[in-house]
Amino acid sequence: MLSLNDFQKQFVQGLQSQGEAILQSISATKQLSPKERLAIYQGSIFGIKQKSLKEIYAVCNRLVGEDFFIGMVNEYITATPSTTPDLGGFGADFSDFIRGFQPAKCLPYLSDVARLEWVWHRLFYAPFADKLDFALLADVYVAGGEHIVFQLPPGCALLASPYPIHKIWEINQEDYVGDDGLVLPENAMFYLFVWRRGLKMRMDGLDQPTWQVMTWMLEGKSLSEMAEALDSQKFAGDFTQILTAIASWGWLTGFEIKRFSC
């Protein structure tokens, strides 16, 4: 007889069509075989995943139409076993799937739009950010400013795309009012910072130098390490001005001192 833990593992594998060992532990009825009884649960889970992905990727759904979207989602669900009990965590790599999904090749920006939608979805549940203590920062800077590592809001994301995904996202919101015309420029890059201030979600455009500095911050680079990185590449911006602007826009929520081992 299976232990409860083994039964649960086999049941989950059966729901994800990864094995039929669980069928030996399911009793048949007069109307249904063990496989048919399991299929009821499989269909229910499949439908729940469909509904969840439609809600998370509402713009993608609107861009391609519901029939196409459901077909694409069905392929994704079949090919992607869930690795988390949190339904809100399912779909993290959907943008990667879209990038390799041949029928979607005619919409080259669709994958990047999906990446933006996933970030927006996950950020909604991120913890609230603290406010930067500028007085404490000033004191610490005098003692060892080169070792300071700045912290950005929890759950924030930096995105870069050759397509104006922020505009595509905006004009496909249900409450959008305005010109829905869109031109896809050639040889362009768009840089975005997606974050949350209190209960308000925000998406701000960046220039490339600011995006680069904030990327270093997310990587945990100290001020001295960022200064070294500046020397190793062509940097088009004024580093001091960029740091001042990032702070004034409320994007810094804290800092720590990076300790280096000898």
Ring centers of Trp118, His121 separated by less than 6.0 Å: yes
Those residues that, when tested against Phe193, pass ring-ring contact (aromatic ring centres under 6.0 Å, His included) (two or more places apart): Trp195, Trp251
Main-chain N/O of Glu146 paired to Ser224 side chain as donor or acceptor, under 3.5 Å: yes
Pairwise side-chain contact, Thr80 with Asp93, heavy-atom cut-off 4.5 Å (strictly under): yes
Validation row: Met217, Ile246 side chains within 4.5 angstrom (heavy atoms): yes
Val140 side chain reached by Ile148 side chain, heavy atoms, under 4.5 Å: yes
Mutual orientation of the aromatic rings belonging to Phe69 and Phe94 [parallel < 30°, tilted 30-60°, perpendicular > 60°]: perpendicular
Cation-aromatic face contact Arg196/Phe128, 6.0 Å, 45 degrees: yes
Cationic N near anionic O, under 4.0 Å, Glu228 to Lys221: no
Lys/Arg cation over aromatic Phe90: Lys49, 6.0 Å, 45° cone: yes
Flag side-chain contact, heavy atom, 4.5 Å: Val113 against Ser161: no
Over 12 foreign heavy atoms within 6.0 Å of OH, Tyr176: yes
Side chain to side chain contact (heavy atoms under 4.5 Å, CB included), paired with Leu110, selected from Ile165, Ile168, Ile98: Ile98
Close side-chain approach of Pro164 and Leu184, heavy atoms under 4.5 Å: yes
Any side-chain heavy-atom pair of Asp139 and Phe134 under 4.5 Å: no
Contact check, side chains of Met72 and Glu75, non-hydrogen atoms, under 4.5 Å: no
Glu117 side chain vs Val59 backbone, donor-acceptor pair below 3.5 Å: yes
Parallel, tilted or perpendicular: rings of Phe101 and Phe68 (30°, 60°): perpendicular
Pairs satisfying side-chain hydrogen bond (donor to acceptor under 3.5 Å, both in side chains), at least one member in residues 205-214, at least two apart: Asp207-Thr210
Leu158 with Ile242, same ILVMFWY side-chain cluster at under 4.5 Å: yes
Ser95 side chain vs Asp112 backbone, donor-acceptor pair below 3.5 Å: no
Side-chain H-bond candidate by donor/acceptor type, Ser111 with Arg99, under 3.5 Å: yes
Min side-chain heavy-atom separation Leu223-His147 under 4.5 Å: no
